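Computed from a predicted structure; not experimentally measured. Convention: sequence-line order gives letters A, B, ...; per-chain numbering from 1.
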2 protein chains.
Amino acid sequence: MARVRIVDPEEGPRSKRAAILVAAVERFGEDGYESTKWSEVADRVGIGQTALYHYFESKAHCLLTIMRLELQRSHDMFVEATADQSDPVEELRAAVRSAFAVSEQEIRQMRILQANMSLLANPRKSKREETERVAARQLVQMVERDWTSLLMRGMAKGAFPVRDAHTLGLAVLGMIVSVWRWYRPTGAIPLSEISEMIEECVVRMVAE
Amino acid sequence: MARVRIVDPEEGPRSKRAAILVAAVERFGEDGYESTKWSEVADRVGIGQTALYHYFESKAHCLLTIMRLELQRSHDMFVEATADQSDPVEELRAAVRSAFAVSEQEIRQMRILQANMSLLANPRKSKREETERVAARQLVQMVERDWTSLLMRGMAKGAFPVRDAHTLGLAVLGMIVSVWRWYRPTGAIPLSEISEMIEECVVRMVAE
DNA sequence: AGACAACCTGAGTTCAATTCAGTTTGACTG
DNA sequence: CAGTCAAACTGAATTGAACTCAGGTTGTCT
């Protein structure tokens, strides 16, 4: 499990980078990126606003970093969950379940990722932002490929009817991530129930 | 007073409101809301930037108006498409098809709507923006209810297995609208093909 | 114990959005 | 076929949040 992945061994002992990321995830996740003042994040961490620029080139650079880390985590979890599955339907189920096996912090990260996905479309002016953006874009494609190739393997084995695996993969992925647009931990339906419903939906979509 | 206005009874004959909306949809839809300068929209229409404030209280007010109009259209299209359907499966298919029967301008509007959906979560400071936001939110709920009640009718008739209609509705809707995040008219796959694939997916999800 | 890199700060600067203080335009009236 | 007046517009000034600058402080390591 990559639980402490937000901490980087390359950082100095006094570094507040991790604290900034945690604070930013909380504020961006609850109020949204645009309506969160960058200085609020500084206040939350207990430093002046200009100190933020010691760690991130800009507010957008911080956001892109959060998005990249979350995409990396999603991909890692997918790979880990599907690694030792031989039956295509079980592999599919495991992949869906891995997408919903998340902490409250990770829910916020998914929400931030989904809400700001369109940021990845246009190039960034500054170098470090652009590096993060390109890395995030590649991870998006990697996650898409994760799903596509899972579907193609299942089709090749005859476990799933043959369809356009790419479009079907995007549809499945789209349905799964759309949950983070409306789900709140305080809601009436527990996440486990949503996860089960989506799992069954995906199986019917793909395997029938 | 009693004179009949052919274009729009609310607007004066010299009004550029419609032109501003068209220009804003094009710019927000192609480059994204954040990376589009409000003055670019003014340039496109051929007026000074300050003239925009004669029609919209702010850039966000314009965006919220675009989103509300698109939500209204989506709801209207759903109602129209499903009005005279008696068979639940046919009604379901008609609903999905209506979601993809869109012009290029409407594709941009859907893209804008999906990319900025989270703007509807937090209250706005100004009155006119807040009015648009609340109207848009209510339309979101109306569209969700459109799908939920279609599913519930089908379940009541025994055409669909009984499941949590609300969560299932959100999943279906989420899958459909997720297309606007990646679809581009210049892409390799035609929209008609995507529409057909999604239609079959929805039918398997709901009716099996 | 002192060098020095990491870390931090208050005082500016920037730039897009927005407000202000009026001026122009043209549809409608009389 | 003037005169009126609200709609439509403008250039200049203001705002505010993101960001830069020119240094100051702190903890770690040798």
Exercise. How long is the line joining CD1 of B:Ile20 and C1' of C:dA17, in whole Å?
Worked result: 15 Å
Exercise. For C:dC7, does OP1 or OP2 lie under 4.0 Å from any side-chain N or O of A:His54?
Worked result: yes
Seminar exercise, completed: B/S/- along nucleotides 17-30 of chain D (protein heavy atoms under 4.0 Å) is SSBB-----BSS--
For this session: Would you kindly compare B:Tyr33 and A:Gly48 by the position of their nearest DNA chain C nucleotide and give the one closer to the 5′ end?
Result: A:Gly48
Problem set entry | Ionic contact status for A:Lys127 with A:Glu57, cut-off 4.0 Å | no
For this session: Answer whether the closest heavy-atom distance between the side chains of B:Arg93 and B:Glu200 falls below 4.5 Å.
Result: yes
Exercise. Heavy atoms, side chains only, cut-off 4.5 Å: are B:Leu92 and B:Thr82 in contact?
Worked result: no
Seminar exercise, completed: In whole angstroms, the gap separating P of D:dG16 from CD of A:Glu40 amounts to 15 Å
Seminar exercise, completed: Test ring pair (Phe, Tyr, Trp, His ring centres under 6.0 Å), reference A:Phe100, set A:Trp180, A:Phe78, A:Tyr183, output is A:Trp180
Exercise. CG of A:Leu52 versus P of C:dT9: gap in Å, rounded?
Worked result: 10 Å
Problem set entry | Those residues that, when tested against B:Phe28, pass ring-ring contact (aromatic ring centres under 6.0 Å, His included) (two or more places apart) | B:Tyr33
Problem set entry | Distance in angstrom units between B:Phe56 CZ and C:dT19 C1', rounded | 19 Å
Exercise. Listed by chain and number, what are the side chain to side chain donor-acceptor pair (under 3.5 Å) partners of A:Glu40, not counting sequence neighbours?
Worked result: A:Arg27
Exercise. Hey, is the side chain of B:Tyr55 poking within less than 4.0 Å of OP1 or OP2 on D:dC9, counting only N and O atoms?
Worked result: yes
Exercise. How many Å lie between CG on B:Asp43 and P on D:dT10, as a whole number?
Worked result: 11 Å
